[in-house]
Amino acid sequence: EFGVDIRNDLSENIKHADLSVEAIPFADDSFDFCTAFDVLEHIPRHSWAHGRTRMAFLDLMNEIHRVLKPGGFFLHSTPAYPSKQAFQDPTHVNIITEDTIPNYFCEPCSWARNLGYGFSGSFELIEQRWLQNIWLVGIMKALK
């Protein structure tokens, strides 16, 4: 079991990284499965790092795709619009809707890639559903 966290007090299998400005610290095609529980809403759409503006959320989605093996799965959950939990935490800087993941990162739309936003990966949406009318939970398959 491996992980990434912004905190410094980590066990040996958990690597430190600020995913709003840094890459996931694992090699390409490392994992069959990747999870992000209550993470995506904390990644800004834009950030400033190394003297340049970056599209942090798109970069993170590229990184998730990069570390997944072909056919690997990404499972995520995030409080989403219109639930109040998507807005009430001041550290939530990225509001997700039920259309964000399917339309921007999954086939057949892949707008974040096809419209030139900087996403270079490709996912198949396996399933997405609401949990307690607060969280969107989705599972995606990396197409490579």
Side-chain angles (χ1 to χ4, degrees), residues 1-7 10 13-144:
E1 198 170 293
F2 298 93
V4 177
D5 202 300
I6 197 167
R7 296 178 20 210
L10 308 171
N13 288 343
I14 310 296
K15 297 190 180 208
H16 175 265
D18 179 346
L19 297 180
S20 67
V21 294
E22 297 177 276
I24 296 175
F26 292 99
D28 296 359
D29 303 324
S30 292
F31 300 106
D32 294 308
F33 203 85
C34 179
T35 62
F37 299 117
D38 294 297
V39 172
L40 299 179
E41 69 276 13
H42 297 278
I43 303 300
R45 302 269 172 142
H46 302 273
S47 67
W48 179 262
H50 314 294
R52 69 177 185 90
T53 300
R54 57 190 309 260
M55 302 286 280
F57 180 52
L58 292 172
D59 290 347
L60 176 59
M61 294 303 291
N62 277 324
E63 283 294 297
I64 291 165
H65 190 268
R66 180 186 66 76
V67 300
L68 283 170
K69 293 177 181 176
F73 293 97
F74 174 48
L75 174 64
H76 68 87
S77 71
T78 185
Y81 175 84
S83 73
K84 72 177 185 173
Q85 288 83 352
F87 298 96
Q88 69 189 14
D89 183 334
T91 67
H92 291 181
V93 294
N94 186 8
I95 306 304
I96 305 294
T97 75
E98 63 187 355
D99 296 328
T100 303
I101 297 297
N103 287 343
Y104 286 85
F105 301 102
C106 297
E107 298 300 331
C109 295
S110 289
W111 291 343
R113 185 189 68 236
N114 294 336
L115 296 175
Y117 292 175
F119 179 63
S120 59
S122 183
F123 287 101
E124 173 189 350
L125 183 64
I126 303 299
E127 185 172 356
Q128 178 177 273
R129 66 173 63 177
W130 284 97
L131 178 64
Q132 299 177 344
N133 292 318
I134 298 171
W135 295 274
L136 268 179
V137 179
I139 189 160
M140 303 150 63
K141 182 178 177 181
L143 303 175
K144 295 188 175 190

Using every non-hydrogen atom in the two residues, find where S30 and K69 come nearest and quote the distance to one decimal. O-CE, 3.7 Å

What's the shortest heavy-atom distance between I43 and V93, and which atoms? C-CG2, 3.8 Å

Strictly distance-based, threshold 3.5 Å: is any side-chain N or O of Q128 a donor or acceptor partner for the main-chain N or O of E98? yes

Closest heavy-atom pair, C109 versus N103, reported as atoms and distance to 0.1 Å, is CB-O, 3.2 Å

F87 CZ: over 12 foreign heavy atoms closer than 6.0 Å: yes

To the nearest 0.5 Å, what is the distance between CD1 (I95) and OG1 (T100)? 10.0 Å

Minimum side-chain heavy-atom gap R54-H46 below 4.5 Å: no

Nearest-0.5 Å distance, NZ of residue K15 to CG of residue D5: 14.0 Å

Audit row: T91, D89, side chain to side chain donor-acceptor pair (under 3.5 Å) steps and yes/no: CA-CA 5 Å; T91 67; D89 183 334; 2.7 Å; yes

Given side chains that start at C-beta, do those of D59 and L19 come closer than 4.5 Å, heavy atoms only? no

Between NE2 of H42 and CG of L60, what distance do you get to the nearest 0.5 Å? 12.5 Å

Can you tell me how far CD1 of I139 sits from CZ of F33, rounded to the nearest 0.5 angstrom? 4.5 Å

Is there side-chain contact between H76 and I101, with heavy atoms separated by less than 4.5 Å? yes

Once ring pair (Phe, Tyr, Trp, His ring centres under 6.0 Å) is applied, what residue pairs with a partner in residues 112-144 remain, sequence neighbours excluded? H65-F123, F105-F119

Heavy atoms only: give me the nearest F73-L68 pair and the separation to one decimal. O-CD2, 3.5 Å

Keeping the roles fixed (side chain from H92, backbone from A86), state whether a donor-acceptor pair exists under 3.5 Å. yes

According to side chain to side chain contact (heavy atoms under 4.5 Å, CB included), who are the partners of W48, at least two apart in sequence or on a separate chain? T53

Atom OG of S110 and atom CG of L143: how far apart are they, to the nearest 0.5 Å? 8.0 Å

Any side-chain to backbone donor/acceptor pair from T78 onto L40? Under 3.5 Å, distance only. no

Quick one: are F57 and I96 in side-chain contact, heavy atoms under 4.5 Å? yes

Can any side-chain N or O of K144 pair as donor or acceptor with the backbone N or O of R66 at less than 3.5 Å? yes

Flag, side chain of N62 to backbone of G118, donor-acceptor distance under 3.5 Å: yes

Closer than 3.5 angstrom, by distance alone: can the side chain of N133 be matched with the main-chain N or O of S83 as a donor-acceptor pair? no

Smallest heavy-atom separation, S47 atom then V21 atom, equals OG-CG1, 3.8 Å

Residues V4 and P25: closest non-hydrogen pair is CG2-CD, 3.8 Å

Suppose we screen for salt bridge (Lys or Arg N to Asp or Glu O under 4.0 Å). Which residues come up paired with R113, at least two apart in sequence or across chains? E107

If the plane angle is over 60° it's perpendicular, under 30° parallel, otherwise tilted; pick one for F2 and F26. perpendicular

CE (M61) and OG (S120) are apart, to the nearest 0.5 Å, by 11.0 Å

